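These numbers come from a predicted model, not from an experiment.
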Amino acid sequence: MKLNIPTNATWKQNGVTIAGGHGQGDATNQPCTPHGLFVDDDQTVVIADYGNHRIMQWKNGDTTNGQRVAGDKDEGNGLHQLGYPTDVLIDKETDSLIICDRGNQRVVRWPRRSGTTQGEILIDNIECYGLAMDEQRHLYVSDYRKHEVRRYQLGEKNDTLVAGGNDEGGGPNQLDEPGYLFVDRQQNVYVSDHWNRRVMKWPKGAKEGIVVAGDNDQRSAPTQLSFPNGIFVDTLGTLYVADSRSDRVMRWTQGAKDGTVIVGGNGRGEEANQLSNPDGLSFDRHGNLYVADCGNNRVQRFSIE
């Protein structure tokens with residue numbers, strides 16, 4: 001999504017629960033430890049319901065119940081099942097979901113048409129965590145065991161290393177259990193480098209990345225991230241990060257050393273202005289912010305002011 005958000009934009013500090021918030025469970029109104037999410041053009045939100053081994057869809061305006069759109073009611077490795085999915089995106093070209101089926105070490109595609117009962121395997125034997133797709137429909141997948149990110153051409157076996165791949169570590173050419181991804185229009189790859197407590201930007205074709213947020217020290221100062229999860233980059237190059245262990249979402253304008261808190265940061269809790277282990281994040285085309293509030297088993301929307 002191409003989104004231009006003013007660098008001085010602010011969001012309402014009280015979020016509105018658009019999915020979940022009814023405790024932990026597996027009912028259609030109970031996402032369990034939600035992870036990655038994707039917001040469609042019509043503000044439909046698709047959520048990787050990690051603890052329930054399913055993908056849930058919540059239509060704009062219907063905050064009562066979601067709809068299961070992928071996965072069976074039980075964990076498993078059949079084509080009709082998922083296991084601890086961590087990320088999901090919508091491929092508009094094929095009107096399908098692409099899912100990081102982490103527990104089954106595979107990436108699967110699941111058609112969105114009604115009545116679909118199973119998916120197909122796109123990539124197998126990969127310890128995947130995060131997904132992204134560029135405008136040329138290349139698929140990017142992070143492998144948290146190999147500490148690398150690879151780019152795939154859908155339908156072809158060839159893949160290209162685009163970040164990491166030099167063993168686990170904190171050097172400029174290394175990653176340590178990479179998580180979520182974002183790819184911009186220039187095919188720069190942004191990576192949540194979990195255990196290095198930083199976000200890296202790898203320009204197209206580069207052998208090393210650039211630290212664009214965090215400084216490898218787990219504290220809550222403006223320069224620091226305690227455990228970065230979901231990321232988003234707008235057309236101005238502004239980076240947004242879910243800083244999970246500090247229970248906040250931060251913004252880094254391009255080239256800035258310090259980030260600013262845009263929502264959360266009010267201690268861990270379940271109030272409207274609090275978060276608990278925020279995980280995936282995204283925006284809709286109006287600039288409203290969506291956060292998978294993992295520890296509270298809900299998804300929050302923060303309206304842009």
Side-chain angles (χ1 to χ4, degrees), residues 1 3 11 15-21 24 30-40 43-58 66 69-71 82 84-91 97-103 107 128-133 139-142 144 149 177-183 189-194 199 213 225-234 239-251 262-264 274-285 287-302:
M1 182 195 302
L3 189 61
W11 287 260
V16 174
T17 302
I18 63 151
Q24 192 163 326
Q30 290 179 304
C32 178
T33 56
H35 276 49
L37 52 82
F38 188 94
V39 184
D40 206 355
Q43 294 177 292
T44 295
V45 183
V46 180
I47 304 163
D49 191 358
Y50 179 84
N52 285 323
H53 318 294
R54 64 189 183 184
I55 305 298
M56 295 294 288
Q57 175 176 286
W58 294 73
V69 289
L82 299 170
Y84 299 103
T86 50
D87 206 4
V88 59
L89 56 82
I90 296 173
D91 177 16
L97 303 170
I98 297 179
I99 302 162
C100 173
D101 189 11
R102 177 183 171 182
V107 177
C128 60
Y129 198 101
L131 303 170
M133 186 179 282
L139 180 66
Y140 298 74
V141 186
S142 63
Y144 68 94
V149 180
E177 294 197 12
Y180 292 106
L181 304 174
F182 189 93
V183 180
V189 180
Y190 294 79
V191 188
S192 271
D193 192 7
H194 279 165
V199 177
L225 293 165
S226 58
F227 196 81
N229 268 325
I231 53 178
F232 188 95
V233 182
D234 70 12
L239 169 71
Y240 300 85
V241 187
D243 187 15
S244 66
R245 292 189 181 165
S246 291
D247 306 300
R248 62 189 184 179
V249 176
M250 299 190 71
R251 168 175 60 199
I262 60 168
V263 299
Q274 292 179 305
L275 297 167
S276 176
N277 273 322
D279 204 278
L281 68 77
S282 191
F283 290 85
D284 64 25
R285 57 194 177 91
N288 301 310
L289 169 65
Y290 296 72
V291 183
D293 191 10
C294 184
N296 286 321
N297 301 299
R298 66 187 183 183
V299 174
Q300 297 289 89
R301 181 177 64 215
F302 296 87

message: If you apply the rule side chain to side chain contact (heavy atoms under 4.5 Å, CB included), what do you find for W58 with V299, and how did you get there?
response: CA-CA 10 Å; W58 294 73; V299 174; over 6 Å; no

Side chains of [X] and [Y]: does their closest heavy-atom pair fall under 4.5 Å?
X    : Y    : value
L139 : V107 : yes
V45  : Y290 : yes
N297 : T33  : yes
L289 : Y240 : no
Q57  : D40  : no
I55  : P85  : yes
D87  : F38  : no

message: I'd like to know whether V199 forms a side chain to side chain contact (heavy atoms under 4.5 Å, CB included) with V191, so could you lay out the CA-CA distance, the side-chain angles of the two residues, the decisive distance to 0.1 Å, and finally the verdict.
response: CA-CA 6 Å; V199 177; V191 188; over 6 Å; no

Mind checking the [atom1]-[atom2] spacing from [X] to [Y]? Nearest 0.5 Å is all I need.
X    : Y    : atom1 : atom2 : result
Q300 : I18  : CD    : CD1   : 8.5 Å
F232 : F283 : CZ    : CZ    : 6.5 Å
I231 : S192 : CD1   : OG    : 4.5 Å
L281 : I262 : CG    : CD1   : 8.0 Å
D279 : N229 : CG    : CG    : 4.0 Å
D101 : L82  : CG    : CG    : 4.5 Å

So, for [X] and [Y], which heavy atoms are closest and what is the spacing to 0.1 Å?
X    : Y    : value
C100 : L131 : N-CD1, 3.4 Å
I98  : M133 : CD1-CE, 3.6 Å
V141 : C128 : CG1-CB, 3.6 Å
L275 : D247 : O-CB, 3.4 Å
R248 : G264 : CB-C, 4.1 Å
Q30  : Q24  : NE2-O, 3.7 Å

message: Closer than 3.5 angstrom, by distance alone: can the side chain of W11 be matched with the main-chain N or O of R301 as a donor-acceptor pair?
response: no

- prompt: So, does S142 use its side chain to make a donor-acceptor pair with the main chain of G179 at under 3.5 Å?
  reply: yes

message: Ring-plane angle category for Y180 and H194, please: parallel below 30°, perpendicular beyond 60°, tilted otherwise.
response: perpendicular

Pairing residues for D49 by the side chain to side chain contact (heavy atoms under 4.5 Å, CB included) criterion, not counting sequence neighbours: P31, C32, N52, R54, M56

query: Taking S244 as the fixed residue, which of L225, V249, N277 is the one that meets the side-chain contact (heavy atoms from CB on, under 4.5 Å) rule?
result: N277

task: Could you pull out all residues at least two apart from Y50 that satisfy ring-ring contact (aromatic ring centres under 6.0 Å, His included)?
output: H35, Y84

